[in-house]
Protein chains: 2
Amino acid sequence: MMIDVRFPTALQMMLSLALAQAEGVERLSSAELAEGVDSNPTFVRRLLVPLMQAGLVRSTMGRDGGVSLGVDAAAITLGEIYKATLGDKKLWTGRSDIPHRCLVSCNVERFFGDLADEVDESVLRLLSKRTLADALLELRTLDAERV
Amino acid sequence: MMIDVRFPTALQMMLSLALAQAEGVERLSSAELAEGVDSNPTFVRRLLVPLMQAGLVRSTMGRDGGVSLGVDAAAITLGEIYKATLGDKKLWTGRSDIPHRCLVSCNVERFFGDLADEVDESVLRLLSKRTLADALLELRTLDAERV
DNA sequence: CAAATATGTATCTTTTATTATTGCATATCA
DNA sequence: TGATATGCAATAATAAAAGATACATATTTG
């Protein structure tokens, strides 16, 4: 698993924070979050940095410290989580510095870059239609469907 | 560059074949294609396998052998190239086998899987709107815009 | 027929993005 | 002051993908 799992991991963390908030739990520690996503606290904290910068979560240091949502779950879209977590990493990357020899090799890089941009926008549009609160509700529905 | 560049590479190969066809060139060798994409013939041939199975290209063995489009460029969509090249590889993968401990950890896997499916469909829809012939035309436009 | 040269394919190595681990400074509360 | 949290830097381990190599097989040409 050396695939990039930052977004799914950040999403699960945010869902855990949303659930905690809904249940009246003040905050979760990075160790608790790490246990939930089956990873380690350092990785969790690295993911938290950009989420905090975006104001999506808030953390308190020291004993009894931890993390909680920065705003209500209904005010956070999955698109915001995605953007905060991945920055401007493109979904697709093409080969770079292809030697220019013909019509194709001279222009594919820009062509593919434009295409990749369209894909990114399309994905972000899709993600921005859903809030964290929606997602938590979907989890409850899925849970109810379990046998 | 250990990022997955199979789709951009396959796309460039297909564009080269489309250009060759438009210019009356019968076929290109995997070595020529490899030079164009700045890679090696083996990688090119590996990419060609699924494209041939999908009927998008046709190859002839032996001396003077090589590859050409299987059908007209106007009849091939970028979606078909993508599907043939990547098979059913998902655009996103989540963590797997997360220990089930709460509402979130019990259901995120399916939730994220469904989300990833939606994203895949969205991307494929976008890619299927464009044919290889369209793409070649865009390359010409980009080329004309170059200073 | 034989030489040249292409594809088809299996195997092995190299590369590198990403995750995991470790260590420690700093902050906070009881 | 001790326990325990975050913040952060540095290093190691992992694995997906590309690259390299080797060779069997097919096809054309002289």
Side-chain angles (χ1 to χ4, degrees), chain A residues 1-10 12-13 17 20 25-53 57-68 70 85-98, chain B residues 1-10 12-13 17 20 25-53 57-68 70 85-98:
Chain A
M1 167 80 53
M2 278 314 149
I3 270 169
D4 190 337
V5 289
R6 281 176 294 174
F7 175 55
T9 307
Q12 179 173 350
M13 286 162 47
L17 292 174
V25 175
E26 286 288 343
R27 43 183 158 267
L28 298 177
S29 68
S30 57
E32 290 168 316
L33 286 171
E35 200 184 15
V37 299
D38 199 25
S39 179
N40 61 83
T42 303
F43 184 53
V44 164
R45 286 202 288 266
R46 259 205 295 269
L47 285 177
L48 285 171
V49 171
L51 293 171
M52 291 181 54
Q53 286 169 346
V57 303
R58 155 189 359 232
S59 86
T60 58
M61 291 181 75
R63 176 170 173 167
D64 292 353
V67 187
S68 56
T85 303
L86 278 302
D88 40 8
K89 186 203 180 194
K90 318 282 294 270
L91 203 47
W92 282 345
T93 310
R95 291 178 178 270
S96 43
D97 304 320
I98 292 169
Chain B
M1 166 80 51
M2 281 312 150
I3 268 168
D4 190 337
V5 289
R6 281 175 295 173
F7 175 54
T9 307
Q12 180 174 349
M13 286 162 47
L17 291 174
V25 175
E26 285 288 344
R27 42 182 158 269
L28 298 177
S29 69
S30 58
E32 290 168 316
L33 285 170
E35 200 185 11
V37 299
D38 198 25
S39 179
N40 60 83
T42 303
F43 184 54
V44 165
R45 287 203 287 264
R46 262 205 294 268
L47 286 177
L48 285 172
V49 171
L51 293 171
M52 291 183 55
Q53 286 170 346
V57 303
R58 154 185 2 228
S59 86
T60 59
M61 290 182 75
R63 177 169 170 170
D64 290 355
V67 187
S68 57
T85 303
L86 278 302
D88 41 5
K89 187 201 181 197
K90 317 283 293 273
L91 202 48
W92 282 344
T93 311
R95 291 177 178 270
S96 43
D97 304 320
I98 292 168

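In the text below, chain A, chain B and the rest are named by the order of the sequence lines, each starting its count at 1. Because the structure is predicted, anything quoted here is derived from the model rather than measured.
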*Checking only heavy atoms, does the side chain of A/Ser29 share a donor-acceptor pair with the base of D/dT4 at less than 3.5 Å?*
no
*asked:* Using a distance-only criterion (donor-acceptor N/O pair, under 3.5 Å, no hydrogens), is the base of D/dG19 paired with the side chain of B/Arg46?
replied: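 Answer is yes: a donor-acceptor pair is held.
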Consider the side chain of [X], meaning its heavy atoms from C-beta on, and name the nucleotide among [options] that approaches it most closely.
{"X": "B/Arg6", "options": "D/dA17, C/dT7, C/dT9", "answer": "D/dA17"}
{"X": "A/Met2", "options": "D/dA15, C/dT21, D/dA20", "answer": "D/dA15"}
{"X": "B/Asp4", "options": "D/dA18, D/dA9, C/dT18", "answer": "D/dA18"}
{"X": "A/Val67", "options": "D/dT6, D/dA9, C/dT9", "answer": "D/dT6"}

When you measure from the side-chain N and O atoms of [X] to the phosphate of [N], is any distance below 4.0 Å, counting only OP1 and OP2?
{"X": "A/Arg45", "N": "C/dT21", "value": "no"}
{"X": "B/Ser39", "N": "D/dA18", "value": "no"}
{"X": "B/Ser59", "N": "C/dT7", "value": "no"}
{"X": "A/Thr42", "N": "C/dT21", "value": "no"}

*NA contact type, B/Arg95, heavy-atom cut-off 4.0 Å: base, sugar-phosphate, or nothing?*
sugar-phosphate
*Looking across every strand, which nucleic acid part, if any, lies under 4.0 Å from A/Leu48 by heavy atom: base, sugar-phosphate, or nothing?*
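Touches nothing.
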_Any donor-acceptor N/O pair, B/Arg27 side chain to B/Asp64 backbone, under 3.5 Å_ = yes
_Applying the side-chain contact (heavy atoms from CB on, under 4.5 Å) criterion to A/Val44, which one of A/Asn40, A/Leu48, A/Leu47 satisfies it?_
A/Leu48
[X] versus [Y]: any side-chain heavy-atom pair under 4.5 Å?
{"X": "B/Val37", "Y": "B/Val5", "value": "no"}
{"X": "B/Val67", "Y": "B/Met13", "value": "no"}
{"X": "A/Thr9", "Y": "A/Phe43", "value": "yes"}

Which whole-number value in Å describes the distance from [X] [atom1] to [N] [atom2]?
{"X": "A/Met13", "N": "C/dT19", "atom1": "CE", "atom2": "P", "answer": "12 Å"}
{"X": "A/Arg58", "N": "D/dG7", "atom1": "CZ", "atom2": "C1'", "answer": "18 Å"}
{"X": "B/Phe43", "N": "D/dA20", "atom1": "CZ", "atom2": "C1'", "answer": "13 Å"}
{"X": "A/Ile3", "N": "D/dA16", "atom1": "CD1", "atom2": "C1'", "answer": "7 Å"}
{"X": "B/Gln53", "N": "C/dG8", "atom1": "CD", "atom2": "P", "answer": "11 Å"}
{"X": "A/Met52", "N": "D/dG7", "atom1": "CE", "atom2": "C1'", "answer": "9 Å"}
{"X": "B/Leu33", "N": "C/dA6", "atom1": "CG", "atom2": "P", "answer": "12 Å"}
{"X": "A/Asn40", "N": "C/dT22", "atom1": "CG", "atom2": "P", "answer": "10 Å"}

*Rounded to the nearest 0.5 Å, what separation is found between the CG atom of A/Asp4 and the CH2 atom of B/Trp92?*
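Taking CG in A/Asp4 and CH2 in B/Trp92, the distance rounds to 11.0 Å.
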Which atoms of nucleotides 28-30 of chain C (N or O only) lie under 3.5 Å from a protein N or O atom, and what are those distances?
from: C/dT28; atom 1: O2; to: A/Arg63; atom 2: N; distance (Å): 2.9

*Tell me, yes or no, whether the heavy-atom count around A/Arg58 atom CZ, taken from other residues, nucleotides or ligands under 6.0 Å, exceeds 12.*
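Check fails, neighbour count at 12 or below.
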*Please determine, by modelled atom types, if A/Arg6 and A/Thr85 share a side-chain donor-acceptor pair under 3.5 angstrom.*
no
